[in-house]
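As the structure is a computational prediction, the values presented were derived from the model and not from experiment. First listed ligand is number 1; within each ligand, the first listed atom is number 1. We number each residue from 1, following the sequence as shown.
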Amino acid sequence: MKTLKKISLVLLVIFVAMQFYRPEKNLAQGHHTGIFLSETNPGSELEIVLQESCYDCHSNHTEYPWYNNVAPVSFWLAYHVEDGKKHLNFSEWDSYSVKKKDHKLDEVIEMIENAEMPLKEYTWTHENARLTKEQCEALIAWAKKTRSLYQLNEIPQ
Ligand code: HEC
């Protein structure tokens, strides 16, 4: 019993100490996805879908839940955001070549077709990020159309 108490106390001290370390937040302001939206033109409805289902991990602005204030959750979320942005960042669309944009849209189609995105652990806690069948179809149609425009060089860079 005594050992259990000691272990609990040590864990408590670690937990409290952890709270002093806060990972840097992902909080760009303004029209951070402006270039992506003007080039790919998803339209107002899909713009909201992308914002609600993808931007938290694939843009420079995350809407943090309250529990992000608690370590180690904050570290876990920061890791996911970093990882997501490394693979695809709608806020830095202008830094991608046309070939890369086309490829990323191809990946978007694949991820949605396979129901791999948004990540399951995310939709458990973000119900409005779940994609309906219609939203999936609309996103795929938009990504396919935009790919063909990039391939035909019809989107001014
Ligand atoms: C909770 C965070 C999170 C959300 C929300 C999310 N993603 Fe992701 N996404 C990731 C992570 C992490 C990776 C990289 C690891 C992997 O592939 O699983 C990734 C990878 C991707 C890739 C692969 C890019 C590449 O070139 O490797 C695509 C495409 C993608 N996501 C599209 C989307 C779309 C579209 C949405 C919204 C419908 C979305 N994601 C929502 C975290 C997220």
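Salt bridge K86/E82: absent, no basic N to carboxylate O contact under 4.0 Å.
Cluster partners of I140 are F36, L37, L46, V49, L50, Y55, L88, F90, W93, Y96, V98, L105, V108, I109, I112, L131, L139, W142, L149, Y150, I155, counting Ile, Leu, Val, Met, Phe, Trp and Tyr whose side-chain heavy atoms approach within less than 4.5 Å, directly or via other members.
Each of V70 and W124 belongs to its own hydrophobic cluster when Ile, Leu, Val, Met, Phe, Trp and Tyr are linked at side-chain heavy-atom distances under 4.5 angstrom. The cluster map of Ile, Leu, Val, Met, Phe, Trp and Tyr, joined by side-chain heavy atoms under 4.5 Å apart, puts Y21 and M18 in the same cluster. Note on F75 and I14: same hydrophobic cluster, where clusters join Ile, Leu, Val, Met, Phe, Trp and Tyr whose side-chain heavy atoms are under 4.5 Å apart, directly or indirectly.
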Kindly print each ligand 1 N/O atom paired with any protein N/O atom under 3.5 angstrom away, one pair per line, or none if nothing qualifies.
from	atom 1	to	atom 2	distance (Å)
ligand 1	7 (N)	H58	NE2	2.8
ligand 1	9 (N)	H58	NE2	2.9
ligand 1	26 (O)	K104	NZ	2.6
ligand 1	31 (N)	H58	NE2	2.8
ligand 1	40 (N)	H58	NE2	2.8

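Between D106 and R147, the closest heavy-atom pair is OD1-NH1, 3.1 Å.
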